There are 2 protein chains.
Amino acid sequence: MKQSRNQKIEMFRTVCKEHAIKVTPQRLEIFLEVISANDHPSAEEIFRRVQKRLPTVSLDTVYRTLSTFDEQGLIAKVHFLDDKTRFDPNTQQHHHMSCIKCGSITDFVWPEIDAMSLPSEVEGWGKVSDRHVLVRGVCSRCADKIDRGDGKDADTSPNDS
Amino acid sequence: MKQSRNQKIEMFRTVCKEHAIKVTPQRLEIFLEVISANDHPSAEEIFRRVQKRLPTVSLDTVYRTLSTFDEQGLIAKVHFLDDKTRFDPNTQQHHHMSCIKCGSITDFVWPEIDAMSLPSEVEGWGKVSDRHVLVRGVCSRCADKIDRGDGKDADTSPNDS
DNA sequence: GTCGTTGCAAAAGTTTTGCACGTTA
DNA sequence: TAACGTGCAAAACTTTTGCAACGAC
């Protein structure tokens, strides 16, 4: 499944043709960055990464490009705990787990849920187009940190600010 | 389960005492407004509603108060499709369905999901503290509008801008 | 060459903060 | 009265927009 950079570029050109949008260096780099990211970066974060290859790119181009990709269904905007929009290159049905300590977001699949029939309450509400599960908790990496007591970014009790 | 205003006020005073926060008219009105709301209002919306009873209240007080309530676990901040924070007075385990046409958000319960064991992928990821399902679709009210053809806020196809 | 895209700068919208004053316990 | 909470104004931060210049097709 792993593709070379050139293969990805070729793929992007094809996708752009299909969607009738122009191929620009900015779009290309943003696309490559987003599809290789597995950490659901924010626009700002993508901007920082793209800047390394394309120092002249501007933040608003990143915003515009990501919106374009989202409208075209190439990526998905997701909203989790913070107020920032994050971007997900995975447009297949999947779910997310989010660490309340480090904020990391990880994909997972749960076919049982996808197949399960919804409560009648929901069926009566309207026409459902998708279902998504967000699991929250503390990832093992953060849990280890807490156990070891080096609470670097481990503010164990969110309630005593 | 329905309480009179006076009962609610009494309840709020008790809650404040428990949490060692002071009772002020602003906090009281914000609290009453939030716990009677079932539409997951934003801070701005709560501000508008509170203003009717308390014309001198300021928006930042609403923000500060809602954050305080959230920290104390009296209400919950929730993030759905838009980038605004919304507030949920229901701190029990429950899930949400959201209409992609009108943006309304409605609670529902799904005990099977709550009881179901998570995929091993998730168990290995870390220590889970909660799970939440977001169901998206078109609520019957909006579906009716679309069928009738009076597409007031019914832009049926989000993908052909 | 045309039209879509970019960069800049400015604006808009949401949320946070500093500070002096007012209110609660 | 001491500490906490409020209102105002300004700032911070994310995201959007107008416009002239540029670049892809």
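None of the values given here were measured: they were computed from a predicted structure. Residue numbers start from 1 in every chain, and the chains themselves are labelled A, B, ... in the order their sequence lines are given, proteins ahead of strands.
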> Given side chains that start at C-beta, do those of F80(B) and L134(B) come closer than 4.5 Å, heavy atoms only?
Replying inline: yes

> Using a heavy-atom distance cut-off of less than 4.0 Å, which residues of residues 35-48 of chain A contact DNA chain C?
Replying inline: none

Show me the side-chain donor-acceptor pairs of residues 11-18 of chain B shorter than 3.5 Å, one per line, residues at least two apart or across chains.
unit_1: T14(B); atom_1: OG1; unit_2: E10(B); atom_2: O; d: 2.9

>> Listing request: all salt bridge (charged side-chain N to carboxylate O under 4.0 Å, His left out) pairs with a residue in residues 88-100 of chain B, at least two apart in sequence or in separate chains.
In response: none

>> Using the ring pair (Phe, Tyr, Trp, His ring centres under 6.0 Å) criterion, which residues pair with H19(B)? Sequence neighbours excluded.
In response: none

>> I'd like to know whether S98(B) forms a side chain to side chain contact (heavy atoms under 4.5 Å, CB included) with S104(B), so could you lay out the CA-CA distance, the side-chain angles of the two residues, the decisive distance to 0.1 Å, and finally the verdict.
In response: CA-CA 6 Å; S98(B) 160; S104(B) 70; over 6 Å; no

> Between residues 54-69 of chain A and DNA chain D, which residues have a heavy-atom gap below 4.0 Å?
Replying inline: L59(A), D60(A), Y63(A), R64(A)

> What integer distance in Å separates E71(A):CD from dT15(D):C1'?
Replying inline: 14 Å

> Axis-to-axis angle across the helix from dG1(C)-dC25(D) to dA25(C)-dT1(D), five pairs an end, to 10 degrees?
Replying inline: 40°

>> Going by ring-ring contact (aromatic ring centres under 6.0 Å, His included), name the pairs with one or both residues in residues 32-56 of chain B, residues two or more places apart or in two chains.
In response: H40(B)-H96(B)

> Do D39(A) and R49(A) sit within salt-bridge range, that is, some charged N less than 4.0 Å from a carboxylate O?
Replying inline: yes

>> Tell me every residue that passes salt bridge (Lys or Arg N to Asp or Glu O under 4.0 Å) with R86(A), counting only those two or more places apart in sequence or in another chain.
In response: D82(A)

> If every non-hydrogen atom of C99(B) is compared with every non-hydrogen atom of C142(B), which pair is closest and at what distance?
Replying inline: SG-SG, 3.7 Å

>> Please check this pair: side chain of Q7(A) against backbone of S4(A), looking for a donor-acceptor N/O pair closer than 3.5 Å.
In response: yes

Side-chain donor-acceptor pairs of residues 21-31 of chain A under 3.5 Å, sequence neighbours excluded:
unit_1: T24(A); atom_1: OG1; unit_2: R27(A); atom_2: N; d: 3.1
unit_1: R27(A); atom_1: NH1; unit_2: K22(A); atom_2: O; d: 2.9
unit_1: E29(A); atom_1: OE2; unit_2: R5(A); atom_2: NH2; d: 2.8

> Which of residues 20-32 of chain A have a heavy atom under 4.0 Å from DNA chain C?
Replying inline: I21(A), K22(A), T24(A), Q26(A), R27(A)

>> Without decimals, in angstroms, what is the distance between R86(A) CZ and dT14(D) P?
In response: 12 Å

> Are I35(B) and K8(B) close enough that some pair of their side-chain heavy atoms sits under 4.5 Å apart?
Replying inline: yes

>> Checking side-chain polar atoms at under 3.5 Å, does T61(A) have a donor or acceptor matched by the opposite partner on S58(A)?
In response: yes

>> On a heavy-atom basis, which atom in N90(A) and which in Q92(A) lie closest, and how many Å separate them?
In response: OD1-N, 3.0 Å

Which side-chain N or O atoms in residues 113-130 of chain A pair as donor and acceptor under 3.5 Å with protein atoms at least two apart or in another chain?
unit_1: D114(A); atom_1: OD1; unit_2: Q93(A); atom_2: NE2; d: 3.0
unit_1: D114(A); atom_1: OD1; unit_2: H95(A); atom_2: NE2; d: 2.8
unit_1: S129(A); atom_1: OG; unit_2: R136(B); atom_2: O; d: 3.2
unit_1: D130(A); atom_1: OD2; unit_2: R136(B); atom_2: NH2; d: 3.2

> First contact, last contact: which nucleotides of DNA chain C are these for chain B, 5' to 3', heavy-atom distance under 4.0 Å?
Replying inline: dT14(C) to dA25(C)

